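The model shown is predicted, which means the values in this text are computed figures rather than measured ones. Order of the sequence lines fixes the chain letters, A, B, ..., with proteins taken first and strands second; residue numbering starts at 1 for each chain. No hydrogens, no waters, no symmetry mates; every other heavy atom, side chains included, goes into these values.
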Amino acid sequence: MESRYDFKVIEEKNYKLWEKSGFFNPDKLPASHKKPFTIIMPPPNANGRLHAGHALFITLQDIVTRYKRMRGYKALWAPGADHAGFETQIVYEKKLEKEGRSRFKMTPDELFKEIMAFTLENKKYMEEDVRKLGASCDWSREKFTLDKDVIKETQNTFKKMYDDGLVYRGNRIVNWCPKHQTSLSDVETESVEEKSKLYYLKYGPFTIATARPETKFADKYVVMHPSDARYKKWKDGDKIEVNWLNGKVTATIIKDPVIDMDFGTGVMTMTPWHSQVDFDIAEKHKLDIEQIIDWRGKLLPIAHEFEGMKIGEAREKIVEKLEKMGLVEKIDENYSNVLKKCYKCLNPIEPQVRPQWFVKMKPLAELAIKAVKSGEVKFIPENYEKIFLYWMENTIDWNISRQIVWGIKIPAKICDKCGNGIPDLEDKLSQCENCSGELREDSDTFDTWFSSGQWPLLVLGYPNGKDFKKYYPTDVMETGHDLIFKWVPRMVIFGLYLTKKVPFHTVYLHGLVNDAQGRKMSKSKGNVINPIELTEKYGVDALRMALIVGNTPGTDLALSEDKIRGYRNFGTKIWNIARFIISNLKDSDIKPKLSQEDKKNLKELEDVKAKITKLIDKYDFNQSSYEIYHYVWHTFADKIIESYKPRLAAEESAGRAAAQETLLKILEGSLKMLHPFVPFVTEEIWSKLPDRKNPIIIERW
RNA sequence: GCGCGGUUAGCUCAGUGGUAGAGCGUUUCAUUGACAUUGAAAAGGUCAGAAGUUCGAUCCUUCUACCGCGCACCA
C-alpha cells in the first residue's frame, strides 16, 4: 500500500469504477435489493458551475443514498439539470449586453436557440462537478427541465388545471419589473424597507397621505373607513368637485373597512392600476381603473407636461407643481415604507395590471395543509412546518405567465378583442368562442416553478412511466431552506393534485454555506469559496466531512479552510490505520482464540454501529458523522490499535492471530460506517483488503 | 408590525433536566514508530440578563436585551 493517500488519483479511479459497476442504477443492483428508496435531486442550474451550497446538498443526499444502498434498498437518486428560466435568461442578457447586443433586438426564436446552446454547453461542466463530488446518482435517469416529455407533461397539467377551474386568465395586478420587462410572482420579489417621504396633500375637503404623488394624476375616488366619525357627513357614493393636478375632477366617495383610520388622515385616493390595495378596492366596488405608468416605468400622456419622464425624477417636479397649486399641506420626512423589488436586479417593482394566467391557490393550498397537518409530510427541522403552514394559509393567486422566451411555452391562444384565453395543446384553435375574434398564440412562458413544482413526477415519467409506478412517492426531499416557499409547497401541491399522493414524506432543509466568519458568500465581497478548488487541495472526502460535521439542518454553516484541513488529516488517519492493519494481517494457520478484550472491542463496534444507524435513520448527519469520526480516531486508532501492538509483536500464537483477526474486523466495520461520508478513501482501502468480492458501495451495512 | 431562529471556549459551532463538548488556535511534554505527523496533557466558559417550575435548569416556562432571517395591502 502506498504510504501516502493520493486522493486525486483515487477519486477519479473509484468514481469510474462505480459508474462502470452500474450500481448507481437501482435496477442493476443485486436482486436482494428490493424495497425502493428514492431521492430526487434538486436540479442544479445548468448555466454554471457548482457553488458551496451545491456541494453541501450533494454530500447530504449522497450520504443518504449510499447508506440506504448499503442497507439493502433499491436506492435511486435521480439527477437533473435546471434550465432555470428567468435566472439563465438574465445571465444570458448580461452576456449579450457585454457584446453590445440586446434581447429586444432579437426574435424570440433566435434568442431561445442561443440560450439553449449556451445552457447545454455549460450543463456539461455542472455535471462534471456533481461527479467530482462523488454523487452516486443514476445518470441514466438524468432529466433536463426542457426535455420534450417534461414540456409536454407540464403543458398537459396546465390544460388539466384549466379544465378543473384552477387556472384562469385574468386582468389583474402583477409584479412588473420595468428592467426585465416581465411579471414576477410574489416569491420573486424582495421587500425592502426604505426611508421615504410621506406627502400630505389637499384633495378637495380632505387631506390625503401618499408616498407616491407621481401616480396620482387620475385619482378620482376618495376612500375612508365607514365608521370613521371624522368623515361621517360624507356617504358612500357622494360626488364632490376637486381641484387636482390636471384641473377640476369629479371625485366619488368610497367607504371601505380596509382603510386604517390611524394611518395618515384616514383618507386616501386610489391608483388601482399601480397598487395592490387600491386594485382590490377597485375590484370590490367595480371602479374605473387607468394606467398612469408605462411598461418601462415612464409616465403616460395623462401626466400632461410630465409625460415620458421616469417616475423617479418626476416625483419632485410633481410635488413642486402641487406646492405651487397650494395643495401640499405637509411632508413627513421620517416615513419608512416597504418597497418591493425585483429579486434579481433590485429595481423597484412597478405594480401593473396585465392579462395573465393565474393559478387559483386556495383549494390547492388546502390539500397541502391537510397533508402536513396529518403528518403525511414531515419537516426537518420541525419548525419549518409552522412556516410552511403560515405560508399556505396566506396564499394569493399565483401568476404563472412570464414575458421571457427561455422557458416552457404556455400552450394557449389569446383573443385580444375580448381578452379571452384558451389552452390549445394541439394548436387547433383560431377563432374565439366568445366573440369570434381572431386568436393569436400566447407568447408567454411558464414561471419556472410551475414545471419545477412537478419535478418529482416529471423525473419519474408521470403519468405512465415504469419508474413512476415503482419509485413514486419518493422518500425525502432535501433542499435549501430558502426554497421552503418557492419550491416545496408547489411540489406538495402538484403531487397531491395530480396523484392524490404526497410526492415525499420527509422534507430535509439545509442552511446556507457561509464563509469562515459566517458571512454570506458574494462576488462583491470576494469571499466566494469554490468547492471544486477545495477538493483539489484537500480531497473530496475532506470537504464532505467539513460540510457535515457540526452542521445542523436549517442552520447556516461557516466553512473554513482550517476545518477542511482538519478532515483531510482524518482521511490520512484512516489511510494509515488501514496500512498498519494490512501490514499485520493474519500470517499463520494458527486458529485464532478471541480474548475477552477482543470480544469487548467487537461488541463496542456493534454498539457504535447501532448508534450511528439510529442517527442516520433520523437524518442526523451532524451527530452520526461526529460519532464515527470519534470512534475511528480516538477509540479505534488511539486506544484499540495501541493496546494491540504488543500482541502483534509477540510470537506466533492463537492470541496473536486473534488480535490480527479482530483488528481486521473492526477495520471492515469502520470502513462500512465511514463509506457514506467519505466514499473515496473507504472504497480504495476496501479494495486492498484480502478476499473482496464486492466494492464497498454495495457491501451490507 | 407579525413570525421564526440565535446568544455556549480566543474564532466557527455542536450538545444535554444531574461534573460543560468538537474543530481550528494557544501552552507543555513525548515521538520519526501505521500517521504530509501523531500521542499524552494543560489553560480557557456565572452556557446573554432576570424571574419562575424542579431536589436539581445551560436545557422547560415567562419576560427583557441584542443579533440574524423571513413575512407584511398603513396608502
Side-chain angles (χ1 to χ4, degrees), chain A residues 1 3-6 173 186-187 189-191 193 198-201 208-213 215-216 219 223-224 258-272 274-281 335-338 340 351 381-391 394 396 481-482 484-485 511-512 514-520 538 545-546 549-552 554-584 620 622-623 625-627 629-630 633-634 637-639 641-642 645 648-649 663 667:
Chain A
M1 212 170 152
S3 64
R4 275 188 178 187
Y5 169 47
D6 186 352
I173 195 150
D186 44 333
V187 290
T189 65
E190 255 175 59
S191 302
E193 187 156 336
L198 187 64
Y199 303 89
Y200 285 79
L201 307 176
I208 58 155
T210 181
R212 299 196 65 191
T215 65
K216 302 257 140 217
D219 287 12
V223 198
M224 60 211 74
V258 131
I259 296 297
D260 180 352
M261 289 189 265
D262 297 328
F263 182 86
T265 58
V267 188
M268 69 171 200
T269 61
M270 293 174 27
T271 316
H274 301 288
S275 150
Q276 178 75 49
V277 202
D278 297 7
F279 182 83
D280 290 344
I281 298 171
Y335 176 64
S336 79
N337 75 339
V338 173
K340 273 196 178 178
E382 284 171 8
N383 65 297
Y384 278 88
E385 177 174 324
K386 254 192 193 168
I387 298 173
F388 181 94
L389 287 174
Y390 176 82
W391 184 253
N394 295 281
I396 55 174
H481 67 17
D482 50 330
I484 182 73
F485 299 136
L512 297 175
N514 292 326
D515 75 358
Q517 283 80 43
R519 296 170 311 174
K520 198 171 173 174
Y538 301 105
M545 281 300 279
V549 184
N551 183 12
T552 47
T555 307
D556 295 350
L557 170 80
L559 182 65
S560 68
E561 223 172 301
D562 281 343
K563 191 175 177 188
I564 303 170
R565 199 177 300 122
Y567 290 109
R568 190 267 325 266
N569 292 349
F570 181 52
T572 307
K573 190 77 187 179
I574 300 170
W575 186 255
N576 281 295
I577 290 171
R579 274 180 68 206
F580 179 75
I581 291 174
I582 287 172
S583 66
N584 284 286
D620 189 339
N622 166 40
Q623 281 293 311
S625 55
Y626 175 91
E627 291 286 342
Y629 173 88
H630 277 269
W633 197 319
H634 300 301
D638 292 350
K639 301 215 169 68
I641 291 181
E642 288 306 321
K645 279 182 179 171
L648 295 172
L663 287 179
L667 175 63

Categorize T552(A) for me: base, sugar-phosphate, or nothing, with a 4.0 angstrom heavy-atom threshold over every strand shown.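 Result for T552(A) = sugar-phosphate.
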Euclidean distance for [atom1], [N] against [M] (whole angstrom):
N	M	atom1	answer
U8(B)	G23(B)	C1'	15 Å
A72(B)	C11(B)	C1'	37 Å
G56(B)	G15(B)	P	27 Å
A22(B)	A50(B)	P	27 Å
A57(B)	U16(B)	C1'	11 Å
C2(B)	C60(B)	C1'	25 Å
C66(B)	U27(B)	P	39 Å
G68(B)	C13(B)	C1'	15 Å

Of the candidate nucleotides [options], which contains the atom at the shortest distance from the side chain of [X]?
X	options	value
T572(A)	C24(B), A36(B), A75(B)	A36(B)
K645(A)	G39(B), A14(B), A34(B)	A34(B)
N622(A)	A75(B), U38(B), A14(B)	A14(B)
I577(A)	A34(B), C4(B), G15(B)	A34(B)
D638(A)	G23(B), A34(B), A40(B)	A40(B)

I'd like to know whether L198(A) forms a side-chain contact (heavy atoms from CB on, under 4.5 Å) with N337(A), so could you lay out the CA-CA distance, the side-chain angles of the two residues, the decisive distance to 0.1 Å, and finally the verdict. CA-CA 9 Å; L198(A) 187 64; N337(A) 75 339; over 6 Å; no
Specify the separation, in whole Å, of atom [atom1] of [X] and atom [atom2] of [N].
X	N	atom1	atom2	answer
L559(A)	G23(B)	CG	C1'	12 Å
K563(A)	C24(B)	NZ	C1'	10 Å
L198(A)	A75(B)	CG	P	8 Å
R4(A)	U38(B)	CZ	P	13 Å
K573(A)	A36(B)	NZ	P	9 Å
N576(A)	A36(B)	CG	C1'	10 Å

N394(A): what forms a side-chain hydrogen bond (donor to acceptor under 3.5 Å, both in side chains) with it, not counting sequence neighbours?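 In terms of side-chain hydrogen bond (donor to acceptor under 3.5 Å, both in side chains), with neighbours along the sequence ignored, N394(A) is linked to no residue.
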Return the set of residues passing side-chain hydrogen bond (donor to acceptor under 3.5 Å, both in side chains) with S275(A) (not counting sequence neighbours), or none when no residue passes.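 S275(A) satisfies side-chain hydrogen bond (donor to acceptor under 3.5 Å, both in side chains) with D278(A) once adjacent residues are dropped.
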Position toward the 5' end of RNA chain B (nearest nucleotide), D278(A) or D6(A):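 The residue mapped nearer the 5' terminus is D6(A).
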What are the atom names and distances for every N/O pair under 3.5 Å that joins the protein to nucleotides 41-43 of chain B?
none

Who are the side-chain contact (heavy atoms from CB on, under 4.5 Å) partners of [X], not counting sequence neighbours?
X	value
I396(A)	D186(A)
E385(A)	V372(A), F379(A), L389(A)
A546(A)	L559(A), K563(A), I564(A), Y567(A)
F485(A)	V187(A), I387(A), W391(A)

How is the base pairing of RNA chain B summarised as a dot-bracket string, given the Watson-Crick and G-U wobble criteria with both distances under 3.5 Å, [ ] for crossing and | for another strand? (((((((..((((....[..)))).(((((.......))))).....(((((..]....))))))))))))....
Output one line per pair: protein atom, nucleotide atom from nucleotides 16-22 of chain B, and distance, for all N/O pairs under 3.5 Å.
{"residue": "G21(B)", "atom": "O2'", "partner": "Y626(A)", "partner atom": "OH", "Å": "3.2"}

Which residue pairs pass the side chain to side chain donor-acceptor pair (under 3.5 Å) test with at least one member in residues 572-583 of chain A, sequence neighbours excluded?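 Qualifying pairs, neighbours excluded: N576(A)-R579(A).
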Is there a donor-acceptor pair closer than 3.5 Å between any side-chain N or O of N622(A) and the backbone N or O of G550(A)?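 Looks like yes, one N/O pair under 3.5 Å.
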Using distance only, find each side-chain donor-acceptor pair of residues 258-268 of chain A under 3.5 Å and give its atom names and separation, not counting sequence neighbours.
{"residue": "D260(A)", "atom": "OD1", "partner": "D262(A)", "partner atom": "N", "Å": "2.9"}
{"residue": "T265(A)", "atom": "OG1", "partner": "T207(A)", "partner atom": "O", "Å": "2.4"}
{"residue": "T265(A)", "atom": "OG1", "partner": "V267(A)", "partner atom": "N", "Å": "3.4"}

Grab the N/O contacts between the protein and nucleotides 67-74 of chain B below 3.5 Å, and write none if there aren't any.
{"residue": "C74(B)", "atom": "O2", "partner": "D260(A)", "partner atom": "OD2", "Å": "2.5"}

OP1 or OP2 of U38(B) sitting under 4.0 Å from any side-chain N/O of N569(A)?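 So the side chain of N569(A) is within the cut-off, an N or O lying under 4.0 Å from OP1 or OP2 of U38(B).
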For the CE atom of M545(A) and the OH atom of Y629(A), what is their distance to the nearest 0.5 Å?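 Reported to 0.5 Å precision, the distance equals 7.5 Å.
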State whether the distance check finds a donor on one side and an acceptor on the other, under 3.5 Å, for side chain E642(A) versus base A34(B).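 Side chain to base: pair found, below 3.5 Å.
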Check step by step if side-chain contact (heavy atoms from CB on, under 4.5 Å) holds for T210(A) and T269(A). CA-CA 8 Å; T210(A) 181; T269(A) 61; over 6 Å; no
